Amino acid sequence: MKKLSLIVSVYNEEASLTHFYDVTTEVLKTTENAWKTELIFVNDGSKDGSGEILAGLAGRDSRVKVVNFSRNFGHEAAMTAGIDYATGDFLICLDADLQNPPELIPQILAEYEAGSDVVLMAREENKSAGFLKKITSNLFYKILNKMSEVEFERNVSDFFGISKRAADLVRENYREKTRYLRGFIQQIGFKHSVIKYKAPARFAGESKYSIGKLAGIAFHTFDCFSVTPLKAGIVAAALSILLTLASFTYYIVLWVRDGGGSGTALLCTLLTFLFSLLFLLLGVIGEYLGNIMREVRNRPVYIVDKTLNLEEKDK
Ligand code: UDP
Ligand code: MG
């Protein structure tokens, strides 16, 4: 029998946990013929009664496993720990507040069984979402997909399923500190599928994400997947060189016409020339920085899906 690992991040969810457990175990009754399940709750330094509730659940159900953090490390860290501890053939990450409907678990498993290594869950666009939100979201994905080597799916969430081999890759090769799991699982490749879902309102409690935190996440997405901004120096240098040429031409034209150079044009030429050098240097530093980032991240050079007539072999 195959094994499913459910990974649940928990931060001050005392009001949702028991209900989450009840709903989820009810859903698992429909899959238990084919799947043995472990429920890994990662308690991310909750300050409320979540820890006690989880200990209670673990006491009466051996499928429940609990990882208690020493303090709050954040949702990404909690999911990462869950993936580290998971032993399943397929893993699903979901939130404890029931905004990621456990009812969809059978559908996610069906996608895996149909051959997907990565099952992404995309929130359906909120029809009532404001015009501004739509525009910014469109722009975000347009720019991101231009700047990075991966084509990211829109509106995917921290609700996803990954096969064991995808989880192994994330576990072993994506250990960087600036984390963006939903991006990593799209970067590793393999066949993926997208299921659209409607996120219900939080079952209880409050969202732990402020607008500031969300903006931080949006920025991380860029610095995690693109070194293009570091090339700004080169672009500025190119523009500056054009300006140098223009002002130098202007200086020559004046010199020929009037039989003498203009001091202002000469100063302008000198200034833009010096700026070109400065920007060029910044661009060069940016290139080296980009290289250092790639080396430090140490992501795999390539990932093999299948080989034919060859022994499976690690790179
Ligand atoms: N969470 C966590 N650590 C944190 C913040 C949140 O483990 O520092 C958990 C939280 O308990 C929930 C999930 O991550 O299960 C998503 O958080 P939340 O519902 O606050 O985010 P939102 O749904 O509003 O984006
Ligand atoms: Mg939520």
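Counting convention: from 1, in listed order, for ligands and their atoms alike. All values below were derived from every heavy atom in this structure, side-chain atoms included, with hydrogens, water molecules and symmetry-related copies excluded. No experiment lies behind these values; they were computed from the predicted model shown.
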Parallel, tilted or perpendicular: which one describes the rings of Y251 and F248, with boundaries at 30° and 60°? parallel

Decide whether Y174 and Q187 meet the rule of one side-chain donor and one side-chain acceptor closer than 3.5 Å. yes

For [atom], what is the closest protein heavy atom, and at what distance to 0.1 Å?
atom	result
atom 15 (O) of ligand 1	S9 O, 2.8 Å
atom 3 (N) of ligand 1	D44 OD2, 2.6 Å
atom 23 (O) of ligand 1	Q99 OE1, 2.7 Å
atom 1 (N) of ligand 1	Y11 CB, 3.7 Å
atom 18 (P) of ligand 1	R202 NH2, 3.5 Å
atom 5 (C) of ligand 1	K208 CB, 3.7 Å
atom 10 (C) of ligand 1	E13 OE2, 3.2 Å
atom 17 (O) of ligand 1	Y209 CE1, 3.8 Å

With L98 via side chain to side chain contact (heavy atoms under 4.5 Å, CB included) - residues at least two apart: H19, F20, V23, P102, F203

Is it true that atom CZ of F273 has more than 12 heavy atoms of other residues, nucleotides or ligands lying nearer than 6.0 Å? no

Crowded around F69 CZ? As in, over 12 foreign heavy atoms under 6.0 Å? yes

Scan V64, I40, T24 and name whichever one has a side chain to side chain contact (heavy atoms under 4.5 Å, CB included) with L6. T24

For the residue pair R297 and Y180, would you count it as a cation-pi contact if the rule is NZ or CZ under 6.0 angstrom from the ring centre and within 45 degrees of the ring axis? no

If you leave out waters, which protein N, O or S atoms are less than 2.8 Å from the Mg ion (ligand 2)? D97 OD2, Q99 OE1

With no hydrogens and no angle check, is any side-chain donor or acceptor of T228 less than 3.5 Å from a backbone partner on M147? yes

Side chain proximity check, Y21 to D61, heavy atoms < 4.5 angstrom: yes

Check: F184 and L169 side chains under 4.5 Å, non-hydrogen atoms: no

When you measure from atom 8 (O) of ligand 1 to each heavy atom in N72, N100, D158, D95, which option holds the nearest one? N72

Hey, does A96 come in under 3.5 Å of ligand 1, counting only N/O atoms on both sides? yes

Walk me through it: do Y85 and F41 pass the test ring pair (Phe, Tyr, Trp, His ring centres under 6.0 Å)? CA-CA 10 Å; Y85 280 94; F41 289 91; over 10 Å; no

Only heavy atoms of D97, strictly under 4.0 Å: list the atoms of ligand 1 that pass. 19 (O), 23 (O)

